[in-house]
Number of protein chains: 2
Amino acid sequence: MPVTIKDIAQAAGVSPSTVSRALSDHPRISAGTKERVRRLARDMGYTPSILARGLVTRHTATIGVAITTVSDPFLAPLVRGIEAIAHENGYSVFLGNVHRDRERELQVVQSFYERWVSGIIVAGSQIDEGYLDLRDRFPLPIVLFNCRTYPYSVSTDNLIGACQAVAHLVQLGHRRIAYIANQYSYRANLDRLTGYRRVLEESGTSMDPNLVTEGDGTIKSGLKAAGELLALSQPPTAFFCFNDMTAMGVINALRRAGLQVPRDKSVVGFDDLDLARYYNPPLTTVRQPTHQLGQRAIRMLLDLIQGRDDLQPEILPAELVVRETTGPAPTLAQ
Amino acid sequence: MPVTIKDIAQAAGVSPSTVSRALSDHPRISAGTKERVRRLARDMGYTPSILARGLVTRHTATIGVAITTVSDPFLAPLVRGIEAIAHENGYSVFLGNVHRDRERELQVVQSFYERWVSGIIVAGSQIDEGYLDLRDRFPLPIVLFNCRTYPYSVSTDNLIGACQAVAHLVQLGHRRIAYIANQYSYRANLDRLTGYRRVLEESGTSMDPNLVTEGDGTIKSGLKAAGELLALSQPPTAFFCFNDMTAMGVINALRRAGLQVPRDKSVVGFDDLDLARYYNPPLTTVRQPTHQLGQRAIRMLLDLIQGRDDLQPEILPAELVVRETTGPAPTLAQ
DNA sequence: TTGTAGGCGTTATCAT
DNA sequence: ATGATAACGCCTACAA
């Protein structure tokens, strides 16, 4: 039903290959027919079939991006970074929702692969370096975030970022500092936990394992974790959270418990979402270079697509942003 | 390089068509060869090419969803609703980022069309009923949200929702009620504005055009709009916001101005995002049946794909959710 | 400069 | 029950 190259050929009185050449700017074609064919194509409403084209050229000019879930605010600048560079290079970008589920992630990657995308970027993978074992099942370039054990990965410096955050709290006099983790971000979580531990050790503070608690990166989990931590016989005076969402949940829990931030408790997030500066109170947090992360990832992917494989994992710096959720530790007297 | 149906045929000592039949559960094939071929396919790591298949069957089992931007929190349940039903019916769902730009929206729809997706859902269209004119350029099913003037559309009852919100404020004694609009959601915005106007008129309140101001649905725009409204000689005592994000911006502005919510000013949002109940204070807002919106849209799209065209625009009910950002209007004495 | 022929991976229509 | 054959829409040698 839709108009094909043959239809144009017939209308123009030339062969299909001539049409193809006219449309694809082939060098050896007369300016006249080229112009005529192009006008005809436009007038007839011709749209090339990327299916057919991809089948023969083995190039679909498509990038698949697997994301944990739409509306993860962390993703916006990251995806924008990807898109900007992808479009510059003539690629379309499509997103697939994974919902932090390993099975779904495999399905999404598979459905990208079945459609012959040129390459895949996975944000928030539940598989991580497992992709090394999936190379023969999915023989196409795949780039990850925050997985230093995988050769094609772009990360934030989670370790240093965490160190900055916790050092900031220590400097404010806090000694009982909680860490609320994220079980779904295995690698990033590990690095942040390491940073947390390191600073506490270096500051000579005794580590209390009760202060490290599991979360899942959502507001709700921050709320729940904070509730549990507050119920301890010796509750923390400060909360270092895996991300800003968790931090918002914590602040909410504190508010419900009648506590004020930062007077009674301090909270530090991670990410520096757009929302962070507009939360109430504005969040102290560790900024990730999200837009850059996206750009580096797509550059790496394009390199891989072009056949390079001498690439190194990249690590971008994090930066502490002090706002209004951190303050001096309450004195013991209180 | 990847293994094709021919490779399997060769390995199994049968013809390609037999392999195709074995894999697609064709009725006329012996159980033996079917089993043998299937095992071989699995062992050899065969993945069907949806490009090739789609080319001949004209069916790619793919739904394209155009969204304004990843990380619009409003979209999460909506997309989940779409995915749930789509997957049940054997379709894959891919998202394309439009960034509220008309040109980009056309590009995304075009790139879906070039890839022969079975149908398209557009959330937050900048084109709306303009798709009627694009029917010959994109001859495939397209479903929209919140566009009653387009035949294939699913909407929230924005009018009634707005009425509920404003009536709630009026009941609390508010007379100077601002409306902060969203220029990018043309249709939805129009209906909400109408509801706002109607309730004010019915309550005998004189409409002050200065209290209706343009926004773009972001926190930042809420912040800005509230700042301007507060600078009026007679500032409003209540803010009805196009959405929750705007409301959060407003609350932020109020906080910066040293005002308390809901003691000094009342704020109502729209959407009832997950975040709304966790904001500080928890938002009074109008709930949209987001998940259902998605489900209805995909059902409508699947109907269209199957050739039905006797469909009607659908309108789902909205519901006021009263939380902690609305209270009695301050007395004039204050 | 243009046309012809072959093929990309798959399914569908005929035969057998 | 299985095998040839053609076709989907497009590109690309090769030939003219």
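Below, chain A is the first sequence line, B the second, and so on; all start at residue 1.
Remark: A:D191 engages A:R148 in a salt bridge (Lys or Arg N to Asp or Glu O under 4.0 Å) (not counting sequence neighbours). Residues forming a salt bridge (Lys or Arg N to Asp or Glu O under 4.0 Å) with B:R80 (at least two apart in sequence, or on another chain): none. Every ring pair (Phe, Tyr, Trp, His ring centres under 6.0 Å) that A:Y113 has, sequence neighbours left out, goes to A:F138. Qualifying ring pair (Phe, Tyr, Trp, His ring centres under 6.0 Å) partners for B:F74, counting only residues two or more places apart in sequence or in other chains: none. Here B:Y131 pairs with nothing under the ring pair (Phe, Tyr, Trp, His ring centres under 6.0 Å) rule; sequence neighbours left out. When the ring pair (Phe, Tyr, Trp, His ring centres under 6.0 Å) test is applied to B:H87, no partner is found at least two apart in sequence or on another chain. A:R36 meets the salt bridge (Lys or Arg N to Asp or Glu O under 4.0 Å) test with no other residue; sequence neighbours excluded.
With axes fitted over five pairs at each extremity, the angle between the ends of the helix from C:dT1-D:dA16 to C:dT16-D:dA1 is 40° (10° resolution).
Between B:K34 and A:P48, the residue whose closest nucleotide on DNA chain D is further toward the 5' end is B:K34.
Looking only at distances, a side-chain donor or acceptor of A:S30 sits under 3.5 Å from a matching main-chain atom of A:T33. A donor-acceptor pair under 3.5 Å is formed between the side chain of A:N146 and the backbone N or O of A:T156.
Within residues 11-32 of chain B, the residues that place at least one heavy atom under 4.0 Å from DNA chain C are, in residue-number order, B:S17, B:S20, B:R21. Non-hydrogen atoms lying under 4.0 Å from DNA chain D are contributed by A:A52, A:R53, A:V56, A:T57, all within residues 51-58 of chain A. Within residues 106-120 of chain B, no residue is approached by DNA chain C to less than 4.0 Å at the level of any non-hydrogen atom.
A:D216 and A:N182 form no side-chain donor-acceptor contact under 3.5 Å, judged by distance and modelled atom types alone. In this model, a donor atom of one side chain and an acceptor atom of the other lie less than 3.5 Å apart for B:E83 and A:N97. Judged by distance alone, the side chains of B:S17 and B:S20 never bring a donor and an acceptor atom under 3.5 Å apart. No donor-acceptor contact under 3.5 angstrom links the side chains of A:Q126 and A:R104, judged on distance only.
The aromatic ring centroids of A:Y91 and A:H59 lie less than 6.0 Å from each other.
Across every non-hydrogen atom of A:S155 and A:C147, the tightest pair is OG-N, 3.7 Å.
On the nucleic acid side, DNA chain C has its first and last nucleotide under 4.0 Å of a heavy atom of chain A at C:dT1 to C:dG9, going 5' to 3'.
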